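In what follows, chains carry the letters A, B, and so on, assigned in the order in which the sequence lines appear, proteins first and then strands, with residues in each chain numbered from 1. Remember, predicted model here, so these are calculated numbers, not experimental data.
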Number of protein chains: 2
Amino acid sequence: MTPPPAPPRRASPSTVRRLSLYLRALDTLAAEGVGTVSSQGLAERSGTTPAQVRKDLSLFGSFGRRGMGYEVPDLLHRVRAILGLDRRWPVALVGAGRIGSALFAYPLFRERGFEIRAVFDNDPAKIGSCREGLEVRPVTELPCLIRERGIEIGIITVPAHAAQAIATVLVESGVRGILNFAPTRLHLPPEIEVNEVSLSMELEALSFALAARERP
Amino acid sequence: MTPPPAPPRRASPSTVRRLSLYLRALDTLAAEGVGTVSSQGLAERSGTTPAQVRKDLSLFGSFGRRGMGYEVPDLLHRVRAILGLDRRWPVALVGAGRIGSALFAYPLFRERGFEIRAVFDNDPAKIGSCREGLEVRPVTELPCLIRERGIEIGIITVPAHAAQAIATVLVESGVRGILNFAPTRLHLPPEIEVNEVSLSMELEALSFALAARERP
DNA sequence: CGATGTGAACGCGTTCACAGCG
DNA sequence: CGCTGTGAACGCGTTCACATCG
């Protein structure tokens, strides 16, 4: 009888991560034509527990039917909406090196609604060349193009020493969220969302775990 | 007077992540020729708090001098050892697509001691071609080469539907740690260390945060 | 003095257990 | 009866505060 709780502005980072996992699992289930799934079933496919699944979802509303579970197409739609994937997100890519080009071609981004609408680089050899049909532009044109194309998310794949300057310009041009692949900490206003992806950190976590096992 | 605590086999994932950040900061400090740093200074450069820095480090020993702080070269060496980076790690890359090739060329891996010693793919168009001087081999040769070259870490950058089979073969061939870029959950024995990197999850976390701010 | 190292207090995410409803 | 939704209990990582020592 209580209306679904107003979407909380802040869910814990772990919850948001798991919502992504649920979405992935629901995509698979929908593709398999499965109509209904229990918290148990979702938990198994996402590597968590049934209680955790129910707790996470209940933060945003009551999407299941007692005794039945969750309807896959409905829950899929709900989780997409919760994650903000019920719209398109124009994205800019700064850095047209190997990692940047790889991300550009990553099909899952587009499937989720992320559309790379601008690519920037300062290397004269790259400017003017194309990535998947989009021309690489010099960074000087960044502010203008970001605004013109309504871009709100920037992906940084430039060398560490250049990342802070790029981030600052992105924010000044209207970007509100940044995915940073450069191995350096960015200093930005607190209202800007920053997500750091450190590839070497991931390998180092493996290294730590493997080395820990060999210690006397 | 108490000897440094025996290195704990299990530190929390957050602690390990932060150790990587400290290492990065220490690298920079050393390059700048800074001789000493306080927990305060390290915290500022890593985006955490002084108390957190001291707690993290004290898990592994007493590396500082009261009233002085930490000596940068010494701490650098210690943190590298804690993370298991005082040795070389032979790595295999499975999947010579865009992401795989980008990782291959990522200089920070080699700087940290990770050496890609084998590259595999099943695409006949790629087999025999080279990535940074290493020849791409078919997956059929994987078990043999993994063993021959003493590889303990595998990086998976194949499509989701192929990832589980690859992971199983890697483990059967002696790999103990896996970095998985494929958007699928791997089922492996518990003694195997698995680290999932989900690029779309990172973007979805941004999308969630930005969308949450726009809600009424 | 100044900054580390650390037990204790705190807060928060996870887990539990059961009430509630189809 | 089955499974969800959820308050309460729990455990753990973070923060605090201070004793400690160069």
message: Tell me whether B:Ser46 contacts the main-chain N or O of B:Leu42 through its side chain, where contact means a donor paired with an acceptor under 3.5 Å.
response: yes
task: Assign each of A:Met68 and B:Ser38 to its nearest nucleotide of DNA chain C by heavy atoms, then name whichever residue's nucleotide is nearer the 5' end.
output: B:Ser38
message: Is the phosphate of D:dT4 approached by A:Ser39 (side-chain N or O, under 4.0 Å from OP1 or OP2)?
response: yes
field: Distance test, side-chain N/O of A:Arg18 to OP1/OP2 of C:dT14, below 4.0 Å
entry: yes
query: Can you tell me how far C1' of D:dT6 sits from CZ of A:Phe60, to the nearest Å?
result: 16 Å
query: Are OP1 or OP2 of D:dT14 and a side-chain N or O of B:Ser14 less than 4.0 angstrom apart?
result: yes
query: Counting N and O atoms only, with roles assigned by atom type, does the side chain of B:Ser207 sit under 3.5 Å from a partner on the main chain of B:Leu203, one being a donor and the other an acceptor?
result: no
field: Length of the line joining A:Glu71:CD and D:dC3:P, which is rounded to integer Å
entry: 16 Å
- request: Give a yes/no answer on whether the side chain of B:Tyr70 brings an N or O atom under 4.0 Å of OP1 or OP2 in D:dG22.
  value: no
query: With nearest nucleotides of DNA chain C determined for A:Pro13 and B:Arg65 from heavy-atom distances, which residue corresponds to the more 5′ nucleotide?
result: B:Arg65
message: Any side-chain N or O of B:Ser12 below 4.0 angstrom from OP1/OP2 of D:dC12?
response: no
message: Under the criterion side chain to side chain contact (heavy atoms under 4.5 Å, CB included), I'd like the reasoning laid out for A:Leu21 against A:Arg45: C-alpha separation, chi angles, the key distance, then a yes or no.
response: CA-CA 9 Å; A:Leu21 293 176; A:Arg45 292 181 178 250; over 6 Å; no
task: Rounded to the nearest angstrom, tell me the gap between atom CZ in A:Phe63 and atom P in C:dG22.
output: 17 Å
query: What is the distance from CZ of B:Arg78 to P of C:dT4, rounded to the nearest Å?
result: 15 Å
- line: B:Leu57 atom CG is separated from C:dA3 atom P, nearest whole Å, by 16 Å
- request: Determine, for A:Glu152 against A:Arg87, whether the closest basic-nitrogen to carboxylate-oxygen distance falls under 4.0 angstrom.
  value: yes
- request: Kindly point out which of D:dT4, C:dA8, D:dG13 is positioned nearest to the side chain of B:Lys55?
  value: C:dA8
- request: Check the distance between C:dT4's P and B:Asp74's CG and give it to me in whole angstrom.
  value: 14 Å
task: Answer yes or no: is there a donor N or O on one side and an acceptor on the other, between the side chain of B:Thr157 and the main chain of B:Phe181, under 3.5 Å?
output: no
message: Once hydrogens and angles are ignored, does a donor-acceptor distance under 3.5 Å link the base of C:dG20 to the side chain of A:Arg66?
response: yes
query: For residues 40-53 of chain A, which residues have at least one heavy atom under 4.0 Å from DNA chain D?
result: none
message: What is the separation between atom CZ on B:Arg54 and atom P on D:dA17, rounded to the nearest whole Å?
response: 12 Å
task: Nearest whole angstrom, please: distance from the C1' of C:dG5 to the CG of B:Asp56.
output: 13 Å
Heavy-atom donor-acceptor pair, B:Arg98 side chain to A:Ala105 backbone, under 3.5 Å: no
message: Between B:Glu214 and A:Arg176, does any side-chain N to carboxylate O distance fall below 4.0 Å?
response: yes
